[in-house]
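First up is the structure itself, then whatever we jot down about it.
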Amino acid sequence: MGFIDNLRALGLQRQIMLGVAVLGVLAAMTFLVRGTMQPSMSLLYSGLDPVRAGEVINELDQLNVPYDIRGEAIFIPANVRDKTRFALARDGLPRQSIQGYELLDDVNGFSVTSEMYNAAYWRAKEGELTRTILTTPGVDSARVHIGANLRSGFSRSQPTPTASVTLSSARRLSVGQAEAIQYLVALAVSGLNPEDVVVIDPRHGILAGPNTDTVEAPGVMAEDQASALEQKIKRLLVARLGEGNAEVSVSVDVSRERSVVSDVRFDPESRVMRSRTTSDSNQTNQSNGGGLTVASNLPQGAGAGGGGESSSKSSTETVNYELNETRTQTERMPGQIERVSIAVLLNQEALGIDLTVADAATQIEQIRQNFEALVRNAAGLEDQRGDTITVELMPFQALPEVEMTPAPSMISRLIEQHLWSAIQAAFLGMIVLALGFGVMRPVFAGGGASADADEAGEGAEGAPDIAADGDVEAELFGAASDPIDYLKDYTRENEEQTAALLQEWLKEDRKLAANE
């Protein structure tokens with residue numbers, strides 16, 4: 001009762017101040033305790049479709065799992081993350097946005113026409129192929145479109161189906177991966193040839209399909225050949241100069257056109273008689289002698305005169321020879337190397353050449369020629385093709401040394417992970433100490449003083465009791481100038497204590513009267 005009496009003994013203003021202080025301390029303690037005891041959040045899913053993310057959030061609400069949405073990511077407490085994932089997987093969440101053969105589950109045979117069923121079937125086929133293509137490493141998204149031409153009942157020919165695959169990837173897929181996608185789609189659709197499937201990447205162009213040989217393959221081939229040649233030459237130079245003392249740049253020009261050249265040659269020295277033909281002819285001509293007269297125009301026997309007869313003989317020979325014939329047909333496919341250019345930069349300081357000697361320039365030139373011949377033979381350059389090579393010796397600029405950052409120690413990781421929690425705990429302890437020693441202790445101290453005063457008043461006379469209570473009140477409010485006024489004020493403000501004190505005095509008087 002001393003604590004409550006002490007609170008009642010305080011003025012109204014101090015009681016309000018004490019209540020506000022206690023409420024503020026309790027609010028601060030609650031906030032800090034919640035922040036300290038809150039579990040760390042861990043990533044559950046990210047990058048989900050808004051519809052699928054809404055389904056996951058709805059399921060988390062039903063499971064009473066707290067979550068935090070940060071952009072496109074969903075975070076939940078780390079201690080329940082794995083359990084929640086298994087629970088969501090049991091319910092089939094998050095559901096895939098791509099639908100496959102499950103589209104056919106809702107097809108009702110009594111209300112669906114053949115055209116509607118065929119449309120649902122091809123949609124399901126495209127969805128299943130898309131799911132399979134998404135398992136390819138490097139493929140981020142994909143769509144499959146099958147051009148299935150439905151044959152009419154009156155048609156005798158089967159239309160050839162076609163297909164296209166549009167995908168998005170972080171890096172360019174290799175030729176083998178693109179061809180694998182072609183065969184995957186072709187084998188899944190009856191009557192579809194792999195050559196009729198085109199694989200398209202909007203960022204890298206046509207990866208596989210018709211006309212890819214003349215569109216994209218030569219450029220890719222040139223890049224691959226240049227990269228392989230650079231690595232080959234650099235390995236050769238690093239073995240002599242060391243790492244970081246040689247830089248190589250290779251440019252390969254390839255043909256992007258397809259041409260066919262036919263060449264026919266005959267060898268006149270290798271003739272062989274194949275056939276020989278000989279023909280003889282005799283010819284006889286008769287003619288009348290003399291000049292042209294009237295008698296020569298008369299019928300025979302009437303006015304004919306003398307005449308003459310002539311004959312001729314001719315012989316013809318035809319010989320056919322067979323010659324050796326050479327026919328050459330050359331087909332130039334896209335991707336044939338037309339020209340190779342190589343530039344090599346060597347670190348002059350790594351060669352150990354003394355530039356102070358008189359023949360330093362001669363040594364540098366000799367070394368440059370030696371390296372040029374080495375690289376030329378390693379790359380297989382051809383002067384007839386127009387290949388070029390340039391080798392230069394220059395001192396490399398010294399790069400600043402990069403200081404490696406040491407791995408953080410265990411203490412550093414603990415400080416990084418739990419520093420904020422430790423600060424919150426320390427701040428909470430300081431508030432508790434401040435509450436105990438700065439607010440509650442004076443209240444308890446005041447209550448103890450009042451209790452001591454009451455015990456002293458029970459065994460002494462009235463004046464000392466009043467003086468003891470007066471000392472307690474003087475400590476709380478300050479001493480009054482007049483004892484009578486102080487006693488009046490004290491009695492008016494503490495009526496219950498005054499009544500209790502008078503009752504004690506009356507009890508003492510009764511005891512004394514009984515003893516007498």
Side-chain angles (χ1 to χ4, degrees), residues 22-107 120 123-124 126-144 167-170 407-433 435:
V22 172
L23 292 177
V25 171
L26 291 177
M29 289 178 62
T30 303
F31 175 76
L32 292 176
V33 168
R34 290 184 60 184
T36 304
M37 301 302 294
Q38 185 177 4
S40 59
M41 306 297 285
S42 180
L43 177 64
L44 178 63
Y45 296 114
S46 64
L48 294 178
D49 185 79
V51 177
R52 313 306 168 191
E55 295 176 353
V56 172
I57 293 174
N58 186 24
E59 188 66 19
L60 292 178
D61 291 335
Q62 296 181 2
L63 296 175
N64 295 325
V65 177
Y67 58 87
D68 185 14
I69 301 176
R70 305 173 187 176
E72 296 182 355
I74 302 175
F75 288 81
I76 62 173
N79 55 349
V80 297
R81 183 192 62 181
D82 297 337
K83 180 180 179 181
T84 305
R85 281 183 177 176
F86 284 117
L88 294 175
R90 179 191 59 197
D91 298 335
L93 296 176
R95 295 186 177 90
Q96 295 184 358
S97 58
I98 302 172
Q99 295 181 342
Y101 285 129
E102 59 269 17
L103 290 173
L104 303 179
D105 296 338
D106 299 332
V107 175
R123 283 183 59 196
E126 292 173 352
E128 292 295 331
L129 289 174
T130 301
R131 289 177 179 177
T132 307
I133 294 173
L134 288 176
T135 60
T136 304
V139 177
D140 298 331
S141 62
R143 290 288 301 274
V144 178
L167 52 86
S168 174
S169 58
S409 60
M410 182 179 296
I411 298 177
S412 301
R413 291 197 298 268
L414 291 176
I415 292 176
E416 182 180 358
Q417 296 176 1
H418 304 287
L419 178 61
W420 175 242
S421 299
I423 292 176
Q424 289 180 335
F427 189 57
L428 177 61
M430 293 175 60
I431 290 179
V432 171
L433 293 177
L435 176 63

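Contact check for V80 versus L63: no side-chain heavy atoms found under the 4.5 Å cut-off.
Nearest heavy atom pair, residue D61 against residue Y67, reads OD1-CE2, 2.9 Å.
With rounding to the nearest 0.5 angstrom, the CG atom of N79 is 9.5 Å from the CE atom of M41. Atoms CD1 and CD, on I57 and E59 in that order, are 12.0 Å from each other to the nearest 0.5 Å. Atoms CD1 and CG, on I76 and L88 in that order, are 7.5 Å from each other to the nearest 0.5 Å.
Evaluation of the side chain to side chain donor-acceptor pair (under 3.5 Å) test over residues 80-92, restricted to residues two or more places apart or in two chains, returns S42-R81.
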Listed pairs under 3.5 Å, donor-acceptor, residues 132-144 side chains, sequence neighbours left out:
residue, atom, partner, partner atom, Å
T132, OG1, E128, O, 3.0
T135, OG1, T132, O, 2.4
T136, OG1, I133, O, 3.0

